[in-house]
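Scroll down for the structure; my scribbles are underneath it.
Everything numeric in this text was worked out from a predicted model, so none of it was measured. When a residue number appears, it is its place in the shown sequence, counting from 1.
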Amino acid sequence: QVQLVESGGALVQPGGSLRLSCAVSGFRSEVYAIGWFRQAPGKEREEVSCISRMDGSAHYLASIKDRFTISRDNANNTVYLQMNSLKTEDTAVYYCATDRGSRCASTMRSLKMTRGRSGTWGQGTQVTVSS
């Protein structure tokens, strides 16, 4: 079974930090591009970050480029999203996903276009930033 499982979401105060984890099973995480998405109530799902062997890392939101870092631990087959200096507007359900492509640009475009109807997605983890 191919599976992605997110964890690490929590309620945090503005300015706080969280590290989200995406545990991968069924394939090696370093083989494919793995992306992070987020979706707030009433809003479209948006691309956050991506990591791949060929591309390194990529960020898709100007508001998070200086605050979020994507990384991977190949030994544990896990992709991480380190989130620092969290803001209330970061509140959302965060998902990791892949379409088993090897390049971030095509993988993220494909996953975004299908709006969750294709590819392999985790169940999501809730991040709430509130004082």
SG on Cys22 to OH on Tyr80, rounded to 0.5 Å
10.5 Å

Testing the basics here: between Thr107 and Gly101, what is the closest heavy-atom pair and its distance to 0.1 Å?
OG1-CA, 3.5 Å

Which label fits Phe68 and Tyr94: parallel for a plane angle under 30°, tilted from 30 to 60°, or perpendicular past 60°?
tilted

Nearest 0.5 Å please: distance from the CE atom of Met83 over to the OG atom of Ser17.
8.5 Å

In this structure, CD1 of Ile34 is separated from SG of Cys96 (nearest 0.5 Å) by 7.0 Å

Residues Cys104, Tyr60; criterion side-chain contact (heavy atoms from CB on, under 4.5 Å); working and verdict
CA-CA 11 Å; Cys104 279; Tyr60 299 89; 3.6 Å; yes

Flag the pair His59 / Val48 as yes when at least one side-chain heavy-atom distance between them is below 4.5 Å, and no otherwise.
no

At what distance, to the nearest 0.5 angstrom, does CD of Glu6 lie from OG of Ser21?
10.0 Å

If you group Ile, Leu, Val, Met, Phe, Trp and Tyr by side-chain heavy-atom gaps below 4.5 Å, do Leu18 and Phe37 land in one group?
no

Non-hydrogen side-chain atoms of Ser131 and Gln13 separated by less than 4.5 Å
no

Hey, quick one: are Ile64 and Leu86 part of the same hydrophobic cluster, counting side-chain heavy atoms closer than 4.5 Å, chains of contacts allowed?
yes

Side chain Thr78, main chain Ala23, donor-acceptor under 3.5 Å
no

Is it possible for you to say whether Val93 and Leu4 belong to one hydrophobic cluster, with membership spreading through side-chain heavy-atom contacts below 4.5 Å?
no

Asp99 vs Met108, test: side-chain contact (heavy atoms from CB on, under 4.5 Å). Steps then yes/no.
CA-CA 8 Å; Asp99 69 347; Met108 297 297 279; over 6 Å; no

I need the full list of salt bridge (charged side-chain N to carboxylate O under 4.0 Å, His left out) pairs touching residues 62-83, with sequence neighbours left out, sorted by first then second residue.
Arg67-Asp90

Would you indicate whether the side-chain heavy atoms of Glu47 and Leu61 approach each other to under 4.5 Å?
no

Measure the shortest side-chain to side-chain distance between Val127 and Val129 over non-hydrogen atoms and say whether it is less than 4.5 angstrom.
yes

For a 4.5 angstrom cut-off between non-hydrogen side-chain atoms, does Ser130 reach Thr88?
no

Do Val31 and Val79 belong together in a cluster built from hydrophobic side chains that touch within less than 4.5 Å?
yes

Listed partners of Asp55 passing salt bridge (charged side-chain N to carboxylate O under 4.0 Å, His left out), at least two apart
Arg103

Which residue pairs pass the side-chain hydrogen bond (donor to acceptor under 3.5 Å, both in side chains) test with at least one member in residues 116-125, sequence neighbours excluded?
Thr114-Ser118

So do Thr91 and Gln126 actually touch side chain to side chain, heavy atoms under 4.5 Å?
yes

State, yes or no, whether a side-chain contact exists between Ser49 and Thr69 at a heavy-atom distance under 4.5 Å.
no

Quick check against the 3.5 Å criterion: does Gln3 have a side-chain atom that pairs as donor or acceptor with the backbone of Ser25?
no

Does any part of the side chain of Arg38, heavy atoms only, come nearer than 4.5 Å to the side chain of Tyr95, both counted from C-beta?
no

With side-chain contact (heavy atoms from CB on, under 4.5 Å) as the test, would you mind laying out the steps for Val24 and Tyr32 before giving the verdict?
CA-CA 11 Å; Val24 179; Tyr32 306 116; over 6 Å; no

